[in-house]
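Any value given below was found using the heavy atoms of this structure, including those in side chains, with hydrogens, waters and symmetry copies removed. Here is the naming used below: chain letters follow the sequence lines, and residue numbers restart at 1 for every chain.
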Protein chains: 2
Amino acid sequence: MSSQPPAPTPAKPPTAQRSDRELRADARRNRERVLRTAQQLFATDGLGVSLDEIARRAGVGPGTVHRHFPTKEALYLAVATDQLKQLVAEAEVLAAADDPAALFTLLSRMMANGAENVAVKSALVAAEFDLRTAAPDVAADLTRHVADLLDRAHAAGTVRDDLTVDEVMALVAGAFAAIRHAGAETSRKRSAHIAQIILDGLRPQPR
Amino acid sequence: MSSQPPAPTPAKPPTAQRSDRELRADARRNRERVLRTAQQLFATDGLGVSLDEIARRAGVGPGTVHRHFPTKEALYLAVATDQLKQLVAEAEVLAAADDPAALFTLLSRMMANGAENVAVKSALVAAEFDLRTAAPDVAADLTRHVADLLDRAHAAGTVRDDLTVDEVMALVAGAFAAIRHAGAETSRKRSAHIAQIILDGLRPQPR
DNA sequence: AGCATAACCGGGGCGCTGCTCCGTATAGTG
DNA sequence: CACTATACGGAGCAGCGCCCCGGTTATGCT
């Protein structure tokens, strides 16, 4: 322990951190396969699906799943952050444009995705696993963007005065649930309608 | 099999069906205990709670739980139908009064209850167990009342034209989810606010 | 092309959960 | 007050899900 081996100090550079580059080709492909499969199964069958089932459907062995994602929570969080990043990217594009209706556009996108997007759902809810603890930066990014757009909408008077970011987030999560019921097995038209109803509730009310 | 025993035809009357009267006093009390405990634990910790945990908290043995409710699904459905019946009762009272705003009153009640009311949630969603199959009459009763009040509201012009019963039910379920996030650990005031936002979305929109 | 090695596959342990059985205690009845 | 039947409690069983460990296969480098 105390004796440090000569350490050949090989030509190998420190390699810094294990980037994705370090992964072998097939490993990287299998990792992606598992991730995709998990995302789909989580969305359709809920979090109850067993890891073995995911492995089977992905065409890999259970051990492979465990190597890439040491625990079920890790796999779930990987799926969640992956989906969240896409949403944050969209938010940034919308934030760039100077459109007072940008908030509604973003929320529409979130609601549309959310139904098949377990990640976002739990990004706010933390139903089983706590994503905000595991990847606080990504979740916070999304909230920040929403807050920003909400402020602008407030200034423009396109939303009701009494409306906080937390409430908006909660309502988006609620929209997921609502759409899941009515829209999962029916048409997308109905999903859009439900989203519209909730968005209408955000507007300034005639009183 | 083919030979029917003489059947002593005892003095015992047919007893018709085993009413609650047939239960012994302590049995009836324990059943109630389990039901209450299950309702509470389902609401706070979700459906993941083990039956042993419910039994322990209720102060009874696991065997007792199983005797009254042969399976976990049976216990859950008992809790659900119990809560649903209360809601149906409220609906009937509201239906009797001739108030065009009755729909909103009922929905408010549903949303307020729902957050701590796993039953209603799954009455519409059938998240894990299917309540509409197990107790179709009760669930249908509630839907019928809502549909009735919705019709009246349509006639009175207090709700938007494009609104179906299914959508209303879905939105109520969505409200549960929204309230659960924002309201579970915060104040009831916020819960009411979220419910109000959703209800405002149901009103005729200025267009 | 050959070799060192990283990654794969699949079976098995470990813990937990839902469910069942049987001796014991207690409520209800004459 | 004694007797019967009913309900209780806790130990035990089977099944499943998550996780780890062998031998084997495929990959990337020289």
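Nucleic acid contact class of A:Gly48 (heavy atoms, under 4.0 Å, all strands): none. When heavy atoms are screened at a 4.0 angstrom cut-off, A:Val65 is found touching no nucleic acid atom at all.
As rounded to whole Å, 16 Å separates atom C1' of D:dG12 from atom CG of B:Leu51. Between the CZ atom of B:Arg56 and the P atom of C:dG18 there is a distance of 14 Å, given to the nearest Å. Atom-to-atom, CD of A:Glu53 to P of D:dC18 comes out at 11 Å; the value is rounded to the nearest Å. One can place CG of A:Leu75 at 14 Å from C1' of D:dC19, the figure rounded to the nearest angstrom. Distance CZ (A:Arg67) to C1' (C:dT5): 13 Å, rounded to an integer number of Å. Between A:Ile54 atom CD1 and D:dC18 atom C1' the separation is 12 Å, expressed in whole Å. Rounded to a whole Å, the CD atom of B:Glu73 is 13 Å from the P atom of C:dG18. Counting to the nearest Å, the P atom of C:dT29 and the CD atom of B:Glu22 are 11 Å from each other.
Remark: B:Asn30 is in phosphate contact with D:dC8, judged by side-chain N or O atoms under 4.0 Å from OP1 or OP2. Distances shown here put every side-chain N or O of B:Thr64 at or beyond 4.0 Å from the OP1 or OP2 atom of D:dA7. Taking 4.0 angstrom as the limit, A:Thr71 places a side-chain polar atom (N or O) nearer than this to OP1 or OP2 of D:dC19.
Across every non-hydrogen atom of B:Arg57 and B:Thr37, the tightest pair is CB-CG2, 3.7 Å.
Between B:Pro62 and B:Ala25, the residue whose closest nucleotide on DNA chain C is further toward the 5' end is B:Pro62. Where B:Asp52 and A:Val60 each meet DNA chain C at their nearest nucleotide, the meeting point lying more 5' is that of A:Val60.
Side-chain to base pairing of A:Arg24 with C:dA6: one donor and one acceptor N or O lie within less than 3.5 Å of each other.
Here C:dA7 is the nucleotide among C:dT17, C:dA7, C:dC19 with the atom lying nearest to any side-chain atom of A:Leu23. Ranking D:dG10, C:dC9, C:dA27 by closeness to the B:Asp26 side chain, first place goes to C:dA27. You'll find that the side chain of B:His68 is closest to D:dC8, out of D:dC18, D:dC8, C:dC9. Closest to the side chain of B:Lys72, from the set C:dC8, C:dA27, C:dG18, is C:dG18.
With a 4.5 Å cut-off on side-chain heavy atoms, B:Leu163 and B:His154 count as touching.
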Problem set entry | B:Asp26 vs B:Arg29, salt bridge (charged side-chain N to carboxylate O under 4.0 Å, His left out): CA-CA, chis, key distance, verdict | CA-CA 5 Å; B:Asp26 55 345; B:Arg29 216 176 56 177; over 6 Å; no

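B:Arg33 places a side-chain N or O within 3.5 Å of a backbone atom of B:Ala58 that can act as its donor or acceptor partner.
Using a cutoff of 4.0 Å between basic side-chain nitrogens and carboxylate oxygens, A:Asp148 and A:Arg152 are scored as salt-bridged.
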